[in-house]
Amino acid sequence: MSTLSAAQVSARRESLVTALISPDLASIVDLVVWVEADADDVTGGAPVAMAASQVGRVRLHTDGRHQVLEGLDPIASEDPMAFLPYDRECDSPGPRTSRDNAYPYAALRILSLFADPSRSPDLAVMHTPAHFFPEQGGHVGEHGSLDVIQSRAPLLLSGRGVPARGIVDAHARLVDVGPTLATLAGVPETDLRDTGGDLLDGRALTAYLGGEPPAAPKVIGILWDGAHCGELLHLAASGELPGIARLIDAGVALRGGAVADFPSVTLTNHTSILTGLGPGRHGVLGNVFYDRATGERVVPNNSETWHRSAEWLRPAVRTVFEMVNSAVTARGSRADLLRSACVNEAVDRGADYSTMAMIRDSGIASGAAGLGDQLPAADISAHLHNSAHLGDAYYSWATQVDDLGLAQMRQLWGSLESAPTLTWWANVVSDAGHHAGGPRSDIARDSLRDCDSRLRSFLEHLDTLGITDQVTFLLTADHGFEKSDPTVTGTWRPALEAQAIPFRDEGPGFIYLLPDPQT
Ligand SMILES: [Zn+2]
């Protein structure tokens with residue numbers, strides 16, 4: 001197959017952009033984004049981020065400048081604190097156009113998505129928050145956008161080495177989580193780099209840390225998949241999430257949470273969290289993407305492929321587990337003790353203990369998908385607030401998986417000395433609840449209550465051992481959520497097909513231009 005010239009790519013992309021920003025599609029297409037060579041750049045062609053919608057077109061510079069090329073700026077705001085305090089989000093649930101929305105770190109996040117040599121699409125189409133597309137895998141609650149609410153994950157730090165400040169008006173980025181965990185676990189600042197020696201994209205959040213670092217740090221990172229930041233803080237303040245409230249009392253929570261990478265989907269952001277790198281450097285561009293180099297369609301966020309996540313990491317990646325292992329070994333710790341553990345998490349490379357490693361070792365070809373009958377029964381879960389939710393197959397499976405996760409956590413934490421230096425604990429029922437009903441729905445709130453019950457159970461286990469105050473906790477998520485509008489349906493596919501340009505659309509939303517078929 002021949003490849004397209006740069007001029008062909010540019011012309012064809014322009015045709016597709018023009019089709020996508022047609023007023024007919026305004027209810028379902030929020031923005032179209034891509035990168036192109038910056039004609040004004042003195043070096044003659046550094047990539048620059050572009051965004052367009054039916055209202056106009058803008059060139060986005062990393063210094064924050066917006067160069068409006070046509071009409072109105074479709075990215076009216078990049079404010080990471082938009083729709084705060086939380087009442088503002090609740091009072092304006094949408095539908096929103098891009099002019100009433102905010103897209104934090106737009107240029108940086110778009111540039112990262114398009115920085116992979118063979119996996120980046122030629123353009124990315126963003127669904128409007130209202131778009132409901134069940135026939136293409138969409139749910140009542142969705143995420144994936146560059147927008148602030150779908151990109152806003154909670155961020156709490158608590159316990160040993162974290163001065164108690166309560167809720168502060170600040171934000172961070174999810175790429176900061178890995179470097180922060182590594183720093184807490186004793187990784188020297190000079191070692192927060194990739195295998196090529198380059199600095200990570202994220203930075204350790206040292207402004208929230210204090211005191212002398214312990215000689216043998218014990219750090220637990222907790223992820224509640226898709227846990228909505230505003231809801232989490234609101235329910236904690238209302239007394240509905242006592243476990244979260246306890247962590248906040250003994251630490252700090254950022255009201256603006258942590259901004260996800262783009263797209264704000266699960267595997268991209270789990271990887272960003274646990275590597276400190278954006279997708280353009282770690283290589284996991286989406287939950288589904290195409291690799292031109294191998295001709296492969298990659299679907300990393302699937303119960304059949306989670307245990308294979310390391311296969312898609314680019315060579316320069318170091319996971320936080322690998323960073324922590326090196327630091328613990330360099331300190332001369334006992335070789336028989338676990339340095340790092342990774343519970344119910346796909347991105348596990350290097351962890352001394354890992355759920356996914358057990359799945360790999362089991363040799364079950366279908367991965368976690370083949371383990372169903374080995375999981376604890378959902379209907380007897382001690383942490384389930386409403387058994388009616390088990391009618392949702394994802395919620396039911398997530399309940400089983402999360403109970404197994406808690407059992408692994410108790411086992412790993414038999415004593416302070418034997419516990420890993422870094423433990424990562426992913427929970428998934430929060431994602432199931434928010435997909436099923438959208439934020440603020442009963443099922444979403446119950447999913448947070450279920451997660452909190454497991455968290456409290458684990459904290460009580462540490463209390464019984466008398467070691468809770470020896471541990472540093474970080475709690476986060478991989479993305480936020482918005483509720484779609486079931487009346488806003490449709491697909492942009494016919495508009496693209498009408499251009500008679502060969503393409504593939506993965507997601508949907510990642511558009512790859514394809515060479516013309518050979519005649
Ligand atoms: Zn997720």
(request) Run the numbers on Thr3 and Arg292 for side-chain hydrogen bond (donor to acceptor under 3.5 Å, both in side chains), then give the verdict. (result) CA-CA 10 Å; Thr3 50; Arg292 291 184 187 84; over 6 Å; no
(request) Verify side chain to side chain contact (heavy atoms under 4.5 Å, CB included) between Leu108 and Arg173, making sure each step is shown before the conclusion. (result) CA-CA 12 Å; Leu108 274 178; Arg173 296 183 60 198; 3.9 Å; yes
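Atom OG of residue Ser98 and atom CE of residue Met126 lie 9.0 Å apart, to the nearest 0.5 angstrom. Atom CG of Asp147 sits about 4.5 Å away from atom CD of Gln150, to the nearest 0.5 Å. We find the OG1-CD distance between Thr128 and Glu482 to be 9.5 Å, quoted to the nearest 0.5 Å. The CE atom of Met50 sits 4.0 Å away from the CD atom of Glu36 when rounded to the nearest 0.5 Å. Distance check, rounded to the nearest 0.5 Å: CZ of Phe510 to OG of Ser120 gives 8.0 Å. In this structure, the separation between OG1 on Thr491 and CD on Glu135 is 7.0 Å, given to the nearest 0.5 Å.
Cation-pi contact between Arg152 and Phe83: absent, since separation from the ring centre below 6.0 Å together with deviation from the ring axis within 45° is not met.
The backbone N or O of Pro154 lies less than 3.5 Å from a partner atom in the side chain of Thr476, making a donor-acceptor pair. Without hydrogens or angle criteria, Thr305 side chain to Asn302 main chain gives a donor-acceptor distance under 3.5 Å. Looking only at distances, a side-chain donor or acceptor of Ser112 sits under 3.5 Å from a matching main-chain atom of Gly280. Asp176 places no side-chain N or O within donor-acceptor distance of the main-chain N or O of Gly202, the cut-off being under 3.5 Å. For the pair Arg203 (side chain) and Leu200 (backbone), a donor-acceptor distance under 3.5 Å is present. Distance alone, capped at 3.5 Å, is enough to place a donor-acceptor pair between the His282 side chain and the Val284 backbone. Between the Asp402 side chain and the Val428 main chain, a donor and an acceptor come within less than 3.5 Å of each other. Within the 3.5 Å criterion, the main-chain N or O of Ala393 finds no donor-acceptor partner in the side chain of Ser396. Proximity of a side-chain donor or acceptor of Ser484 to a complementary backbone N or O of Gly141 within less than 3.5 Å is not detected. Checked by atom type and distance alone, the side chain of Ser15 pairs as donor or acceptor with a backbone atom of Ala11 at under 3.5 Å.
Using a cut-off of 4.0 Å between Lys/Arg side-chain N and Asp/Glu carboxylate O, Arg281 and Asp261 are scored as not salt-bridged. The pair Arg449-Asp446 meets the salt-bridge criterion, since a charged nitrogen lies less than 4.0 angstrom from a carboxylate oxygen. Using a 4.0 Å cut-off between charged side-chain N and carboxylate O, Arg314 and Asp194 make no salt bridge.
Between Gly433 and Ser441 the shortest heavy-atom distance is O-OG, 4.2 Å. When all heavy atoms are compared, the tightest approach of Pro74 to Leu31 is CB-CD2, 3.7 Å. Heavy-atom minimum distance, Pro80 versus Val259: CB-CG2, 4.3 Å.
A side-chain N or O of Ser118 and one of Asp291 form a donor-acceptor pair less than 3.5 Å apart. Of the N and O atoms on the side chains of Glu78 and His66, at least one donor lies less than 3.5 Å from an acceptor on the other residue. Using modelled atom types, one finds a donor on one side chain and an acceptor on the other under 3.5 Å when comparing Thr266 with Asp478. For the residue pair Asp100 and Thr97, a side-chain donor N or O sits within less than 3.5 Å of a side-chain acceptor on the partner.
Side chains of Lys483 and Val140 form a contact here, defined as non-hydrogen atoms less than 4.5 Å apart. The shortest distance between side-chain heavy atoms of Thr271 and Trp312 does not fall below 4.5 Å. Considering only heavy atoms from C-beta on, Trp424 comes within 4.5 Å of Leu223 through its side chain. Put simply, the side chain of Asp79 does not reach to within 4.5 Å of the side chain of Val148, judged on heavy atoms. A 4.5 Å side-chain heavy-atom check between Pro508 and Arg493 finds every atom pair outside the cut-off.
Partner Ile75 forms a side-chain contact (heavy atoms from CB on, under 4.5 Å) with one of Leu60, Val68, Val33 and no other, that one being Leu60.
The environment of Glu189 atom CD is sparse: at most 12 non-hydrogen atoms of other residues, nucleotides or ligands sit within 6.0 angstrom.
In this view, Asn427 satisfies the side chain to side chain donor-acceptor pair (under 3.5 Å) rule with no residue, not counting sequence neighbours.
Here ring pair (Phe, Tyr, Trp, His ring centres under 6.0 Å) pairs that include residues 93-119, with residues two or more places apart or in two chains, are Tyr105-His171. Each ring pair (Phe, Tyr, Trp, His ring centres under 6.0 Å) pair with one or both residues in residues 129-150, not counting sequence neighbours, appears once here: His127-His131, His127-Phe133, His131-Phe133, His139-His435, His143-His435, His143-His479, His143-Phe481.
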